[in-house]
Amino acid sequence: EAGVAQSPRYKIIEKRQSVAFWCNPISGHATLYWYQQILGQGPKLLIQFQNNGVVDDSQLPKDRFSAERLKGVDSTLKIQPAKLEDSAVYLCASSSGQRQETQYFGPGTRLLVL
Amino acid sequence: SQQGEEDPQALSIQEGENATMNCSYKTSINNLQWYRQNSGRGLVHLILIRSNEREKHSGRLRVTLDTSKKSSSLLITASRAADTASYFCATEAGGFKTIFGAGTRLFVKA
């Protein structure tokens, strides 16, 4: 079974530029999560999708971050414009969608904003 | 704010010793999970314990949950150098939202 795929693995941009991350969850997984992990901290949930609907986006900075999950499969997370404090690892995870389910994480995208 | 807080923040032990790390949380939970993260990689699920369970084992891992104290512990027995990683507890409260703690950084010296 293929795992969660993310791209790119690394990205360096200047502040005020825009960037997009892509995630392909495990086949058949209904729930998809985007986390932001700042160095030395635990992952912080940005947005959670159930199929193509948003379950929780309470911690997503909506003035600059946006995410979509077209057709309930792949997802993209966009930052526009980026700030220095957005430098972090962006992790995508998926689960089968039932309660109390294990989340499977991708390798993450490491973003550096200069 | 983060629901779970791990203790200690960092732990250094010799290979073969046991490692114990603790997690405290603030609100009622449905379940608590432990994840491992090797440097520069994604998280790997270790074990899930439900709110009506008190102890669970998986190989060299032992997890306990005390809902009255809102705390959990992860014990790794006979540690190996390959266990060097960060360990996070994650709680699922109402609404299916998962909240991670800040993690314990474990270093196992060969």
Side-chain angles (χ1 to χ4, degrees), chain A residues 1-7 9-10 21 23-26 29-51 53-60 88-112, chain B residues 1-10 21 23-26 28-53 56 58 61 63 65 72 74 85-106:
Chain A
E1 179 182 76
V4 176
Q6 289 188 249
S7 68
R9 292 295 311 277
Y10 305 92
F21 311 129
C23 173
N24 185 16
I26 291 173
H29 277 192
T31 306
L32 185 147
Y33 313 78
W34 281 104
Y35 291 90
Q36 179 193 59
Q37 186 177 24
I38 293 172
L39 186 65
Q41 298 182 17
K44 181 181 83 171
L45 179 68
L46 293 176
I47 189 166
Q48 178 178 338
F49 291 96
Q50 180 80 14
N51 296 308
V54 175
V55 174
D56 188 295
D57 63 356
S58 58
Q59 298 190 99
L60 185 74
V89 176
Y90 291 84
L91 296 164
C92 179
S94 70
S95 67
S96 67
Q98 298 175 19
R99 290 185 65 179
Q100 302 180 339
E101 277 294 325
T102 297
Q103 294 182 34
Y104 296 86
F105 282 80
T109 295
R110 191 174 299 271
L111 173 68
L112 178 60
Chain B
S1 63
Q2 290 181 317
Q3 152 99 304
E5 294 186 4
E6 287 89 343
D7 172 61
Q9 290 186 329
M21 49 206 90
C23 170
S24 60
Y25 56 92
K26 298 174 184 175
S28 297
I29 59 172
N30 298 319
N31 68 63
L32 185 144
Q33 301 183 54
W34 285 92
Y35 287 81
R36 183 187 74 228
Q37 184 177 38
N38 292 88
S39 180
R41 300 190 179 183
L43 282 76
V44 174
H45 181 261
L46 295 176
I47 198 163
L48 179 152
I49 186 165
R50 294 180 174 81
S51 58
N52 61 353
E53 298 176 313
K56 207 161 183 180
S58 177
L61 306 180
V63 168
L65 179 65
S72 173
L74 170 67
S86 292
Y87 292 82
F88 296 91
C89 68
T91 54
E92 183 191 299
F96 313 108
K97 185 173 181 176
T98 303
I99 302 175
F100 284 83
T104 292
R105 281 132 195 90
L106 174 65

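Naming convention: chains lettered A, B, ... in sequence-line order (proteins, then strands); numbering from 1 in each chain.
- For the pair A:Q103 and B:H45, the tightest heavy-atom approach, listed with the atom from each and the gap, is O-CB, 4.3 Å.
- The environment of CD in B:Q9 is sparse: at most 12 heavy-atom neighbours from other residues, nucleotides or ligands sit within 6.0 Å.
- When all heavy atoms are compared, the tightest approach of B:F100 to A:P43 is CB-O, 3.5 Å.
- For the pair B:Q37 and A:F105, the minimum side-chain heavy-atom distance is 4.5 Å or more.
- Residues A:Y35 and B:T98 approach most closely at OH-CB, 3.7 Å, considering heavy atoms.
- Heavy-atom distances place no part of A:Q6 under 4.5 Å from chain B, backbone and side chain included.
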